[in-house]
Amino acid sequence: MNEEFKVTPWDVTGKVDYAKLIEEFGTEPIDEGILTRWKRITGSIPMALQRKIFFSHRDLNWILDRYEQGEKFVLYTGRGPSGHTHIGHLMPWMFTKYLQDTFDAPLYFQMTDDEKFLYKDSLSLKEAMAFSYENALDVIALGFDPKKTYIFSDLEYNKTLYRIAVQVAKRITFSTAKAVFGFDSSTNIGLIFFTSMQSAPAFLPSVQAGKNVPVLIPHAIDQDPHFRVTRDVAPKLGYYKPAAIHCTFLPSLAGSDKMSASRPETTIYTTDDVKVARKKILGAFTGGRVSVEEQKKLGGVPGVCAVFQYYYYLFEEDGAKLKERERKCMSGEIMCGECKLDLADRVASFLERHQEKREKAGDRIKDFVVSDYSAAYDRLKRPQDRKEVAKLKRTMKEYYSVKEGDSIRINRTRDLE
Ligand code: TYM
């Protein structure tokens, strides 16, 4: 791994050189050939591809070949629920929504509450499950089609996933896990197994259909190590290798590194009070000069400015307007204060709209969630200690917001062997 920056599924630090990452990870760049093909098939090129926000892939041409031959693909993405959703997470999810609409594709959305419990010392199982629910509200608020979207948490869909996960786990050696993820003898054994849980949904559509189904996984590049392993194992189990499309990271408001939940002051959460979000933006790092005079004379530096990045990634869709903002900044015609205020307004109105939809999503959760447990908690009745059963029921109700009597789809999966 390169010394100036680090990208793993659990840690991203330093200024990421994405071209180097393509080499190190062995992925393919999204080039002009793919963009031309995309336009031919779909009629247009979305902003995220035009701007190279989605910049890399694995087997994208293969999935487009299959699509053109009439074989529909399934989308798979997810979230590790260790806290509230931030707007960086929304980037791959918004693109996934675009893909669902454009290719009429079902979506499997995994909440890896097990992973986050295993990874974060301070996170309890209850909290991880609570965040699965909270994060699911954000996913639903983005407007996915309830008839084609299946959201599940590993702790709730474990029976279905485990049967696939053990098949995967049997084909991964500890030495591969160490080489890919940097594990050592102090790593807890849950985390070592975990990658097979993240692999499982890539094969679930094939298991359910009883035949091979192509799967495309949109995500930021940090998750690629998991899917390298998944792809290695796929042919050994007789499945297609999942294809993937990778995005870069929305930076933090400090301008460097990715936006990360561990630094709340430089992170915009979807649940942030609008006033708090404004304050964070007004405190953002910019490419401004030390004084107004100097800025007028020398201009700003949008290339290092967090505020400009936010326009680029999410808050200025119009390419001509973005260019004009860049020009004005570099020529000293616009000051950082004005740029920040404008961005704060845009973020505030985005948050207001999102929060309204998020609020309503609570009533729709059961249209999206798939679980192995019936709402009557049949499966939880097994422990003999009645107090324990009562406690479990309370926890589930409290944190998963499923009331007794609610109907939840229970998907049954064919055994693999
Ligand atoms: P998690 O919760 O770290 O991140 C969720 C998704 O958001 C992407 N991401 C970002 N994208 C843009 N800018 C950022 N600053 C940023 N930070 C995170 C992540 O790459 C991810 O796509 N183990 C996974 C959960 C998971 C998953 C999956 C993700 C399970 N199955 C399949 C992608 C695809 C996790 O902890 O993601």
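Counting starts at 1 for both ligands and their atoms, in listed order.
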Below 3.5 angstrom, do we get any N/O pair linking I221 and ligand 1?
no
Between R228 and F25, is NZ or CZ placed under 6.0 angstrom from the six-membered ring centre and within 45° of the ring axis?
yes
Measuring from the heavy atoms of V12, does anything fall under 4.0 Å of ligand 1?
no
For ligand 1 and P218, I'd like to know whether there is a polar contact (N/O to N/O, distance under 3.5 Å).
no
Is there a heavy atom in F227 that sits closer than 4.0 Å to ligand 1?
yes
R79 heavy atoms, cut-off 4.0 Å: which ligand 1 atoms fall inside?
1 (P), 2 (O), 25 (C), 26 (C)
Just let me know how D222 lines up against ligand 1, side chain, backbone, both or neither, with a heavy-atom cut-off below 4.0 Å.
side chain
Has P9 got any heavy atom lying under 4.0 angstrom from an atom of ligand 1?
no
Would you please determine whether M111 falls within less than 4.0 Å of ligand 1 on a heavy-atom basis?
no
Under 6.0 Å from the six-membered ring centre of Y313 and within 45° of its axis: does the NZ or CZ of R51 meet both?
no
Residue pairs, two or more places apart or on separate chains, that pass salt bridge (charged side-chain N to carboxylate O under 4.0 Å, His left out) and touch residues 89-111:
K72-D104, K97-D101, D104-K148
Quick check: A220 and ligand 1, any N/O pair under 3.5 Å apart?
yes
With D138 as reference, evaluate H86, H89, H354 under the side chain to side chain donor-acceptor pair (under 3.5 Å) test and give the passing residue.
H354
